Colleague: 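Supplied in structure tokens, the structure appears directly below.
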Amino acid sequence: MDTDTGLLLLRLLTGLLLAAHGVQKVSFLLGGSGLAGGTEEFRHDGSRGGALTALAAGASQIGSGLLLAAGALTPLAAAGTIGVMTVALTVKWPNGLWVQHDGYEYPLVLIGIATTLALTGPGRLSADHALGLPHWPVRSVAAALAAGGLAARALLHHPPAPAAQVPPTSS
């Protein structure tokens, strides 16, 4: 029972924080800046797509987080988390690992936890167990979503504008 309690605590902490992170992207709740603020955050990070991008990211985080917390459809919840956090990781990559420098530490931890839950299953204290849903391998689904996250990032990313060439002045 200790393992099941540990998995429950891990799912609740991770899932609820991920869902709250998504809420902040699309609303003023929990210190969020509203949809306009979420949209601006993505634009600042070099993404195009505007409000639709912020809504998709926020909805993915909210949905995956709540499913993880409940231990419901755990393979899909884990795969969704891995997909959206792969995009976040690629955005933060140039800043290095550490979050205090806007790095990819947080997305990497969430990818690691989601991968672990995909491999172990949610435990007996979960909706999946209560409903009798079998634990099924998610590796290929998670890999596909991570690849999809990378593809989405490639499609939505605006490359930086080239620096303006200033003609040399003659003396």
Side-chain angles (χ1 to χ4, degrees), residues 1-35 37-38 41-42 45 52-93 95-100 102-153:
M1 188 57 107
D2 289 339
T3 300
D4 293 312
T5 302
L7 288 170
L8 172 65
L9 291 173
L10 183 64
R11 286 192 347 263
L12 286 173
L13 178 66
T14 304
L16 293 177
L17 284 174
L18 178 61
H21 191 72
V23 166
Q24 292 177 322
K25 295 254 186 286
V26 297
S27 75
F28 291 102
L29 298 173
L30 306 174
S33 301
L35 184 56
E41 177 186 349
F42 281 95
D45 287 336
L52 184 58
T53 302
L55 277 172
S60 295
Q61 291 168 347
I62 293 166
S64 294
L66 293 176
L67 288 172
L68 274 182
L73 303 174
T74 303
L76 293 177
T81 301
I82 291 165
V84 72
M85 288 295 111
T86 297
V87 173
L89 186 146
T90 65
V91 169
K92 305 297 184 185
W93 185 266
N95 302 327
L97 176 62
W98 303 114
V99 73
Q100 67 264 36
D102 199 28
Y104 60 91
E105 175 184 0
Y106 180 66
L108 181 62
V109 168
L110 291 177
I111 290 168
I113 292 170
T115 301
T116 300
L117 289 170
L119 295 172
T120 64
R124 290 184 293 183
L125 302 174
S126 66
D128 286 353
H129 182 76
L131 296 171
L133 297 177
H135 174 65
W136 45 278
V138 70
R139 285 171 240 162
S140 59
V141 174
L145 279 173
L150 292 172
R153 169 79 171 129

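Given the structure is predicted, the values throughout are model-derived calculations rather than measurements.
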Colleague: I need the Y106 OH to H21 NE2 distance, nearest 0.5 Å.
Modeller: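 Result: 5.5 Å between the selected atoms.
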Colleague: Give the minimum heavy-atom separation between P122 and L7, together with the two atoms involved.
Modeller: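 Here P122 and L7 meet closest at O-CB, 3.6 Å.
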Colleague: Report the distance from atom OG1 of T86 to atom CG of L108, rounding to the nearest 0.5 Å.
Modeller: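 So the OG1 of T86 and the CG of L108 are separated by 10.0 Å.
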Colleague: How long is the straight-line distance from OG1 of T3 back to CG of L8, given to the nearest 0.5 Å?
Modeller: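 Reported value, rounded in 0.5 Å steps: 12.5 Å.
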Colleague: Let me confirm one number: the OG1-CG distance from T5 to L125, rounded to the nearest 0.5 Å.
Modeller: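 It is 5.5 Å, given to the nearest 0.5 Å.
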Colleague: Are any of the side-chain heavy atoms of L117 and L10 separated by less than 4.5 Å?
Modeller: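 Heavy-atom side-chain distance check passes, below 4.5 Å.
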Colleague: Determine whether L89 and I111 satisfy the following criterion, side chain to side chain contact (heavy atoms under 4.5 Å, CB included), listing intermediate values before the conclusion.
Modeller: CA-CA 9 Å; L89 186 146; I111 290 168; 4.0 Å; yes
Colleague: Looking only at heavy atoms, what is the nearest atom pair of P107 and A88, with distance?
Modeller: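 Minimum heavy-atom separation between P107 and A88: CG-CB, 3.8 Å.
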Colleague: Could you grab the distance from atom CZ of R11 to atom CG of L18, nearest 0.5 Å is fine?
Modeller: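 Rounded to the nearest 0.5 Å, the CZ-CG separation comes to 14.0 Å.
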Colleague: Side chains of Q61 and M85, heavy atoms from C-beta outward: is any pair under 4.5 Å?
Modeller: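 In contact.
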Colleague: Taking all non-hydrogen atoms of both residues, which atom of D128 and which atom of P75 are closest, and how far apart?
Modeller: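 Closest pair (atom of D128, atom of P75, distance): OD2-CD, 4.2 Å.
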Colleague: Are Y104 and N95 side-chain neighbours, meaning at least one heavy-atom pair lies under 4.5 Å?
Modeller: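 Contact flag for Y104/N95 side chains = no.
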Colleague: Scan L9, L17, L16 and name whichever one has a side-chain contact (heavy atoms from CB on, under 4.5 Å) with L13.
Modeller: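 Between L13 and the candidates, side-chain contact (heavy atoms from CB on, under 4.5 Å) is satisfied uniquely by L17.
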Colleague: Can you see which heavy atom on A77 is nearest to which on L67, and at what distance?
Modeller: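 Closest heavy-atom pair between A77 and L67: CB-CB, 3.5 Å.
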Colleague: How far apart are the closest heavy atoms of L30 and A20, and which atoms are they?
Modeller: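 Answer, listing the atom of L30 first, then A20: CD1-CB, 3.5 Å.
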Colleague: Do you know which two heavy atoms are closest between L68 and G15, and how far apart they sit?
Modeller: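 For L68 versus G15, the nearest heavy atoms are CB-CA, 4.1 Å.
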Colleague: So how far is it from S126 OG to L73 CG, rounded to the nearest 0.5 Å?
Modeller: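 If I round to the nearest 0.5 Å, the distance is 10.5 Å.
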